[in-house]
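Below, chains carry the letters A, B, ... as their sequence lines are ordered, and counting in each starts from 1.
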Amino acid sequence: MNEKYIPSEVEAKWQKDWAKEKAFSTEINRQRPEYYVLEMFPYPSGNLHMGHVRNYSIGDVVARYKKMQGYNVLHPMGWDAFGMPAENAAIKHGINPADWTWDNIANMRRQQQELGLSYDWDREVATCHPDYYKWTQWMFLLFYEKGLAYKKKAAVNWCEDCHTVLANEQVVDGRCWRCDSVVVKKELEQWFFRITEYADRLLEDLKDLKGWPERVKTMQENWIGRSTGAEFSFDIPEIAEKIFVYTTRPDTVFGVSYVVLAPEHPLVEKLVAGRPEAKEVRAFVDRVKNLSEISRTSTETEKEGVFTGAYAVHPFTGEKVPIWVTNYVLMEYGTGAVMGVPAHDQRDWDFADKYSLPKRLVIQAPSGDSTIETMTAAYEGSGQMVNSAEFSGRDNESGKDVICAWLEEHGVGKRRVNYRLRDWLVSRQRYWGAPIPMIYCDKCGVVPVPKEALPVMLPNNISFDSGTVSPLAKVEEFVNCSCPNCGNRARRETDTMDTFICSSWYYFRYTDPHNSTLPFDSAKVNYWMPVDQYIGGVEHAILHLLYARFFTKVLKDAGLMNIGEPFKNLLTQGMVIKDGAKMSKSKGNVVSPEEIIAKYGADTARVFILFAAPPERDLEWSDQGVEGAYRFLNRLWRIVGHYAGENALVADEYDPSKLNKNERELRRVLHVTIRKVSEAIGERFNFNTAISSIMELVNAMYAFRELQAEASPGLIREVVAGLLKLLAPFAPHITEELWHETIAEGSIHAQTWPVFDAAAVEVDEVEIVLQINGKVRDKIIVPVGLGASELESMAFEQDKVKELVADKKVVKVICVPQKLVNIVVK
RNA sequence: GCGGGCGUGGCGGAAUGGCAGACGCACCAGACUUAGGAUCUGGCGUUUCACGACGUGGAGGUUCAAGUCCUCUCGCCCGCACCA
């Protein structure tokens, strides 16, 4: 074999071979347990970055390891290929978005192949391909049939830069998640998916996701934001209307001193019409409405309001309470109106202070001596109800229930569950997406495109300008169509779908990527799904991961398969950092994977990235660390090369019990390593410690070679074969090459994982730590398996121990066999 | 404010309650060499000539024994945040 390790030669050779042999193609096989490992598919921006390399390296180790363990492994890759950047490239450089996207895919696929990733390329999907988006459209129609897709006019998030609306999940701190520009509210008619209908199940089933990180589940829980309480009404006799309020604290209802409405509340105008307060209220409402989402919802913004001049009737007491309009009530949550209870809600307390509204104590804290006069803040805890008519004296927790019962009995209100989660706004005023398959007919209204007419193809002859309407609206051949119902002239919907829809079901398509009659065959999905291990960045904790869960539940309810949750185990990998910051063009700290591969090879890149940190943690890029990984592979190459072509590697049977001491030690290290690596990969995904123990094995081989030039026949073969197999998932090319050079003809990646031999790791002597008062004072080597009493007496025979114990009184002796003796003296 | 995570050598990071710092990087020394930024061998927490003492953000506690368990506290990171 070649004396020098030349990664480029080795890697190209085996990549070609794997592709030719279709080494990683997968079919259903009921003889073996199935395992589905999936990395979040990328947006084809054109080039892989280190975050991708990390993501795919992690997945590839899992895939290759599981395969060697005997699993039937599905490990696919594809492209989240619709989206804005393609369109921006078109606008900026006049390139066709489809061409731009397909070129990028070709380049990134090449880069992935150069990383030696074990994908089943026959299953590749691209969401922008008509064979794929046909089924995305089919999904839309399914949602429509089930009443889960609907159109409504609402105040929606509008991104001025992207010229499109956004779902709530895509607005981060009042800014667009993609371009970071400030989002404004616009009244528009848009398509929504009724995700709120699934809110409870999305929340409930989180409990079963034992393999998900706690923080992702918490984030979803917060996002769904379930709260329980009551909704009830205050009469406004003057205008014969009711104000409905929502509260989680019905037990504080006797503390109400005012009612507040959101500025957008439909009753505001009705209430103030013709009153002297009208002018001031209208001015206030206008001012608040014009504020940006950020300043509007910031907790720092001072609570402000105006009195409408109108009063409502308290349903319990019959008292008149003033109606105010304020900036701290949101129209989108609950009913857009709130009862003000200053004594027991800090926001109301602040508001009451500012406008000198009365405060009434209705929950007495356990200390029992609070009065409004002595309180300096609202009391939001629990306690005893006071000043609450017949409810006084009750503890407030049971009071909630009793108040609700009263409301229901008197027909004033009812118990209600509320969610922070809103319906998913799915239409986008953009070109490069899956067209929404709907038609507008003057006679028939909104008509879905018949499924047999799918896909609704994206036209290619598109012109871009920075207008405000959807680009598709300007393509007459696209817009004009005939109504599927009556045949008259009709217009197509010109919005496209949020790309998160495309990515909400791709993992199903992988199980049956070429199906031309259905999005997937349910038997195939049921065989492969759920994904056993999903790997990706935590930035999708709510977005993609929530939508995907929603989709899965809808498809299950539609009877398309029987999977309730898509991703059994989720690994959220950390970011790749350099000089303390995330790699980014603007920071100028980007290291290109292609350069690293060209210089050191893919195996080095993979080993470095997996060795430098555990997968969940952020990874600090280090050029010297890469050198270290490269050095390790060279060291491996040399030590294996040293034995290649020698008798050491002949496939002789041998008797491990005949080995000498050095040889037994080498064999012991091998088996300890097998155990450690198996545990580190299989149980904890601690790839960094797995690699470190493989390094120790290589070090042990060097140490052995120093001790003796020749080895018993068969031993080196066992060690080399084991070593290569253990490293194969991490560094697939170099191990494949060395395997062929030294062990056998077939691919190492089709081998079975090495088996740990318990007998091999047995030792006959063990070091015992001798402690006095918990401090290490001596160490002794003793035969393995000594009992506590023997150990204890041996400990006391040591000179050092005698000396230190001599004039003291032994209080206690703790013996941990195989480990230590601790003598407690006074 | 609420929720989650993290604090260990010069650095990345290891440690089922049982010898803190595995492995790697950097650094130092030796060997080999015309040469070495290659390779091999060894050293490498702080302090002390040494015995030893000290050491896992800080302060307490439990324990024969604590990086690990408990209480409090400081710092950093992430998520959510006027959600009634």
Side-chain angles (χ1 to χ4, degrees), chain A residues 4 172-173 213-223 225-227 229 245-249 252 260 262 296-303 326-330 332-341 344-348 350-351 380 418-422 538-539 541-542 574-575 577 607-608 611-614 616-629 631-632 634-635 638 676 679 686 688-699 702-703 705-706 767-779 811-816 818-825:
Chain A
K4 200 161 180 286
V172 181
D173 293 333
E214 214 48 53
R215 68 171 177 145
V216 174
K217 288 192 276 187
T218 308
M219 283 164 76
Q220 291 212 357
E221 212 175 293
N222 289 344
W223 188 259
R226 184 182 198 269
S227 74
V245 298
Y246 171 73
T247 178
T248 56
R249 293 295 303 273
T252 64
V260 259
R296 176 99 186 251
T297 56
S298 160
T299 37
E300 262 103 82
T301 307
E302 199 183 343
K303 289 162 190 41
T326 177
N327 61 348
Y328 78 91
V329 172
L330 307 174
E332 301 89 62
Y333 186 79
T335 57
V338 168
M339 63 181 201
V341 185
H344 304 290
D345 182 296
Q346 191 56 44
R347 295 159 299 183
D348 298 343
D350 296 343
F351 192 75
E380 296 180 339
N418 233 322
Y419 300 93
R420 217 183 66 103
L421 181 72
R422 305 291 141 76
V538 74
E539 66 273 16
I542 341 203
M575 289 186 296
I577 304 280
V607 167
F608 165 71
F611 176 67
E616 303 84 355
R617 237 193 269 188
D618 285 350
L619 181 152
E620 174 77 33
W621 185 265
S622 154
D623 291 330
Q624 287 167 331
V626 178
E627 291 275 357
R631 207 173 297 156
F632 164 64
N634 275 288
R635 225 166 123 74
R638 281 191 302 271
K676 279 195 197 162
E679 280 173 9
N686 286 348
N688 54 333
T689 57
I691 293 172
S692 80
S693 49
I694 297 171
M695 287 171 169
E696 287 180 88
L697 175 56
V698 169
N699 292 346
Y702 275 86
R705 193 180 60 173
E706 288 288 303
E767 191 183 64
I768 303 290
V769 171
L770 304 184
Q771 296 182 332
I772 291 170
N773 289 344
K775 302 214 177 213
V776 181
R777 292 304 180 201
D778 204 358
K779 292 169 188 179
V811 180
K812 196 172 181 181
V813 180
I814 288 103
C815 274
V816 183
Q818 322 300 334
K819 282 230 171 77
L820 63 74
V821 178
N822 186 11
I823 300 165
V824 186
V825 296

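A 3.5 Å limit on both hydrogen-bonding distances identifies no Watson-Crick or G-U partner for C19(B).
Rounded to the nearest 0.5 angstrom, Q771(A) CD and L820(A) CG are separated by 5.0 Å. Here CZ of R215(A) is found 15.5 Å from CD of E221(A). Values are rounded to the nearest 0.5 Å. Rounded to the nearest 0.5 Å, atoms CD1 (I768(A)) and NZ (K779(A)) are 12.0 Å apart.
Among the atoms of the strands shown, only primed sugar atoms or phosphate atoms (P, OP1, OP2) are found under 4.0 Å from some heavy atom of P614(A). Residue-level contact check: T247(A) touches the backbone only, with heavy atoms under 4.0 Å from sugar-phosphate atoms and none from bases. Contacts of V341(A) with the nucleic acid, taken as non-hydrogen atoms under 4.0 Å apart, are absent. At the heavy-atom level, G628(A) lies under 4.0 Å from the strands shown only through sugar-phosphate atoms. Within the 4.0 angstrom heavy-atom criterion, base atoms lie near Q771(A). Residue contacts shown for Q624(A) are limited to sugar-phosphate atoms, with no base heavy atom under 4.0 Å away.
A distance-only check finds a donor-acceptor pair linking the side chain of D618(A) to the backbone of M575(A) [under 3.5 Å]. At least one donor-acceptor pair under 3.5 Å links the side chain of N327(A) to the backbone N or O of E302(A). Proximity of a side-chain donor or acceptor of N418(A) to a complementary backbone N or O of S227(A) within less than 3.5 Å is not detected. At least one donor-acceptor pair under 3.5 Å links the side chain of D345(A) to the backbone N or O of D348(A).
Counting atom types as modelled, N822(A) pairs a side-chain N or O with a base atom of C64(B) as donor and acceptor under 3.5 Å. Residue K812(A) places no side-chain atom within donor-acceptor reach of the base of C64(B), judged by atom type and a 3.5 Å distance cut-off alone. A donor-acceptor contact under 3.5 Å is formed by the side chain of E767(A) with the base of C19(B).
Here, A35(B) and G45(B) have their P atoms 32 Å apart, quoted to the whole Å. Atom P of G75(B) sits at a distance of 16 Å from the matching atom of G57(B), rounded to the whole Å. The separation of U33(B) from A50(B), taken at their P atoms, amounts to 35 Å, rounded to a whole angstrom. Separating the P atom of G3(B) from that of G52(B) is a span of 48 Å, rounded to the nearest Å. Remark: the separation of the C1' atoms in U8(B) and G55(B) is 10 Å, to the nearest Å. Taking atom P on both C54(B) and A20(B), the two are 12 Å apart, rounded to the nearest angstrom. On the P atoms, G61(B) is 44 Å away from C28(B), given to the nearest whole Å. For the C1' atoms, the distance from U62(B) to G17(B) is 12 Å, rounded to whole Å.
Heavy atoms only, all atoms of each residue included: E380(A) and Q346(A) are closest at OE2-N, 2.7 Å.
OP1 or OP2 of C40(B) lies within a sub-4.0 Å distance of a side-chain N or O belonging to Y702(A). Within the structure, a side-chain polar atom (N or O) of S227(A) is placed less than 4.0 Å from OP1 or OP2 of A84(B). Dashed line: the shortest gap from a side-chain N or O of R215(A) to OP1 or OP2 of C80(B) is not under 4.0 Å. In this structure, N699(A) reaches the G24(B) phosphate: one of its side-chain N or O atoms is under 4.0 Å from OP1 or OP2. Checking the phosphate oxygens (OP1, OP2) of C23(B), no side-chain nitrogen or oxygen of R635(A) falls inside 4.0 Å. Listed pair N688(A) / A14(B) meets the phosphate criterion, a side-chain N or O lying under 4.0 Å from OP1 or OP2. Using a 4.0 Å cut-off, no side-chain N or O of R777(A) falls inside it from OP1 or OP2 of A65(B). The side chain of R638(A) places an N or O atom within less than 4.0 Å of a non-bridging phosphate oxygen (OP1 or OP2) of C40(B). Put simply, R420(A) has a side-chain N or O that comes within less than 4.0 Å of OP1 or OP2 on A81(B). Phosphate proximity of C54(B) to K775(A): present, with a side-chain N or O under 4.0 Å from OP1 or OP2.
Rounded to a whole Å, the CD atom of E706(A) is 11 Å from the C1' atom of G42(B). Atom CE of M575(A) and atom C1' of G5(B) are 13 Å apart (whole Å). At whole-Å resolution of the value, CD in E620(A) and P in C76(B) are 19 Å apart. Nucleotide C19(B) holds its P atom 8 Å from the NZ atom of K819(A), rounded to whole Å. Nucleotide A81(B) holds its P atom 13 Å from the OH atom of Y333(A), rounded to whole Å. With rounding to whole Å, F611(A) atom CZ is found 17 Å from C11(B) atom P. Summarising the geometry, the separation between CZ on R617(A) and P on C6(B) is reported as 8 Å, rounded to the nearest angstrom. Here the C1' atom of nucleotide G13(B) and the CG atom of D618(A) are 14 Å apart, to the nearest Å.
When each of G79(B), G3(B), G12(B) is scored by its nearest atom to the side-chain atoms of M219(A), the top-ranked nucleotide is G79(B). Taking the side chain of Y328(A) as heavy atoms from C-beta on, and the options C82(B), G7(B), G12(B), the nearest nucleotide is C82(B). Closest contact between the side chain of D345(A) and the listed nucleotides A84(B), G3(B), A15(B) involves A84(B). Of the candidate nucleotides G79(B), A22(B), C19(B), C19(B) has the atom lying nearest to any side-chain atom of K779(A). Of the listed nucleotides (C19(B), A26(B), G12(B)), A26(B) has the atom at the smallest distance from the side chain of R631(A).
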Would you sort out whether R635(A) and N699(A) count as a side chain to side chain donor-acceptor pair (under 3.5 Å), showing the intermediate values? CA-CA 9 Å; R635(A) 225 166 123 74; N699(A) 292 346; 2.8 Å; yes

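Residue N773(A) is the one, among G336(A) and N773(A), whose nearest nucleotide of RNA chain B lies closer to the 5' end (criterion: closest heavy atom). Nearer the 5' end of RNA chain B, as judged by each residue's closest nucleotide, is the contact made by E627(A), out of E627(A) and V824(A).
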